[in-house]
2 protein chains.
Amino acid sequence: MPKNCNFIEKLREVGLRPTKQRIKMCEVLYNREKTFHFTINDLVQMISEKMSEKISLATVYNTVHAFEKKGYLKEISIDSHKSYFDTNTSAHHHFFDEDTHELIDCDESDIDKINIRKNITGKKINSVEVLVRVASDNQIQK
Amino acid sequence: MPKNCNFIEKLREVGLRPTKQRIKMCEVLYNREKTFHFTINDLVQMISEKMSEKISLATVYNTVHAFEKKGYLKEISIDSHKSYFDTNTSAHHHFFDEDTHELIDCDESDIDKINIRKNITGKKINSVEVLVRVASDNQIQK
DNA sequence: TCAATAGTTTAGAATTATTATAATGTAGAT
DNA sequence: ATCTACATTATAATAATTCTAAACTATTGA
């Protein structure tokens, strides 16, 4: 299954040079059944495991940000200390489990469509994101 | 108008010692008509202007976090680089103006009540927050 | 009133996350 | 094959936040 060809094409399409590192990164990010959430640290870990050579932290940062700017990744900010990237770039909402620190996609049926009645004059809405924080019933909240 | 007495009481109620610094901080944060949004930097700036003595950065961090934990402040995280605190601790939503980087409270009438149809099993919902990102119509998006 | 003490502030050091730098390496065009 | 522009790398620099340990202060209660 020469999936790499897809990634090379994909990278070319958005004007990124298909280098070894970027292709490996695409594999880790997009060569899977389901979309997923990760932190930069998670990603460095994952790539290291899949690649014999070491990848530079700077490269991971640069490439993640390049992907984000091109719309291949979306950032989900939980608080000033916890920020995830999401390979699911379509408009959708999230649950955040405060016990496990897990970010979970909402299905479309989980949350009724958000109806914005008034907007800031002269502005257009770029995105509407809902974050639902959940925790164990019998737990002291953060 | 000895408003400070209120702050001393208020601090006592939640188990914080009413020190000079905390009282000054309360004045800056709560002695105003409307609630507002600020970053740590904003706050240090504001306190410095209002106080002859210098306040330590560590104290500002510590006290903001103490207030947050006690529910006197709420954190609103925009992305990994931008995080605000809100003196309005009631449940409400926000617009974020990507042109001006301004955070704006939604009125209750601006957004219809959010209806969560399904939740994570065994968990209870702690909060539901909506962030509506807006920008000038004729502007390149971030 | 005046210590004792428990919590607080402070400056500066340490840590962490992220970005910049400059040398080396590599993809793609000619 | 060579050239050029862009990438990668290790490391340094920066920025944001937290830690530390000494000095300070509000409260308690003798």
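Each chain gets a letter, A, B and so on, in the order its sequence line appears, and its residues count up from 1. These numbers were taken from a predicted model, which means no experiment stands behind them.
- One interatomic measurement links the two molecules: OH of A/Tyr61 to P of D/dT11, which rounds to 18 Å at whole-angstrom precision.
- Whole-Å rounding puts the A/Gln45 CD to C/dA17 P distance at 13 Å.
- Cluster annotation: B/Tyr84 is not connected to B/Val130 through the hydrophobic network of ILVMFWY side chains, with a link wherever side-chain heavy atoms come within less than 4.5 Å.
- Nearest nucleotide to the B/Arg22 side chain, out of C/dT8, C/dG28, C/dA17: C/dT8.
- Across all strands shown, A/Thr19 has heavy atoms under 4.0 Å from sugar-phosphate atoms exclusively, and none from any base.
- Ring orientation note: the planes of B/His37 and B/His94 are nearly perpendicular, at an angle over 60° on the 30°/60° scale.
- For the pair B/Met25 CE and C/dT10 P, the computed distance is 11 Å after rounding to whole Å.
- Among the protein residues, A/Ile55 comes within range of the sugar-phosphate backbone only, with heavy atoms under 4.0 Å from sugar or phosphate atoms but none that close to a base.
- Computed from coordinates, the A/Glu53 CD to D/dA10 C1' distance equals 16 Å when rounded to whole Å.
- Rounded to a whole Å, the CG atom of B/Leu57 is 14 Å from the C1' atom of C/dA14.
- Cluster annotation: A/Ile55 and A/Tyr30 are assigned to the same hydrophobic cluster (Ile/Leu/Val/Met/Phe/Trp/Tyr, side-chain heavy-atom contacts under 4.5 Å, transitive).
- Proximity of B/Gln21 to the phosphate of C/dT10: a side-chain N or O atom is located under 4.0 Å from OP1 or OP2.
- When rounded to the nearest whole Å, the span between NE2 of B/His81 and P of C/dT18 equals 7 Å.
- Residue B/Asn62 is the one, among B/Asn62 and B/Arg12, whose nearest nucleotide of DNA chain D lies closer to the 5' end (criterion: closest heavy atom).
- Here the C1' atom of nucleotide D/dC6 and the CG atom of A/Leu11 are 14 Å apart, to the nearest Å.
- Between the NZ atom of B/Lys70 and the P atom of C/dG7 there is a distance of 12 Å, rounded to whole Å.
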Checklist entry - Checking side chain to side chain contact (heavy atoms under 4.5 Å, CB included) for the pair B/Val14/B/Tyr72: CA distance, chi angles, key distance, verdict? => result CA-CA 10 Å; B/Val14 284; B/Tyr72 274 25; 3.6 Å; yes
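- The side chain of B/Arg17 sits closest to D/dA26 out of D/dA10, D/dT9, D/dA26.
- Comparing atom distances between the B/Thr59 side chain and each of C/dT9, C/dT19, D/dA26 picks out C/dT9 as nearest.
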Check step by step if side chain to side chain contact (heavy atoms under 4.5 Å, CB included) holds for B/Asp86 and B/Asp105. CA-CA 9 Å; B/Asp86 193 343; B/Asp105 279 2; 3.6 Å; yes
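- Ranked by how close their nearest DNA chain C nucleotide is to the 5' end, B/Ser80 and B/Gly15 are led by B/Gly15.
- Comparing D/dT18, D/dT17, C/dA11 by their nearest atom to the side chain of B/Lys54 picks out C/dA11.
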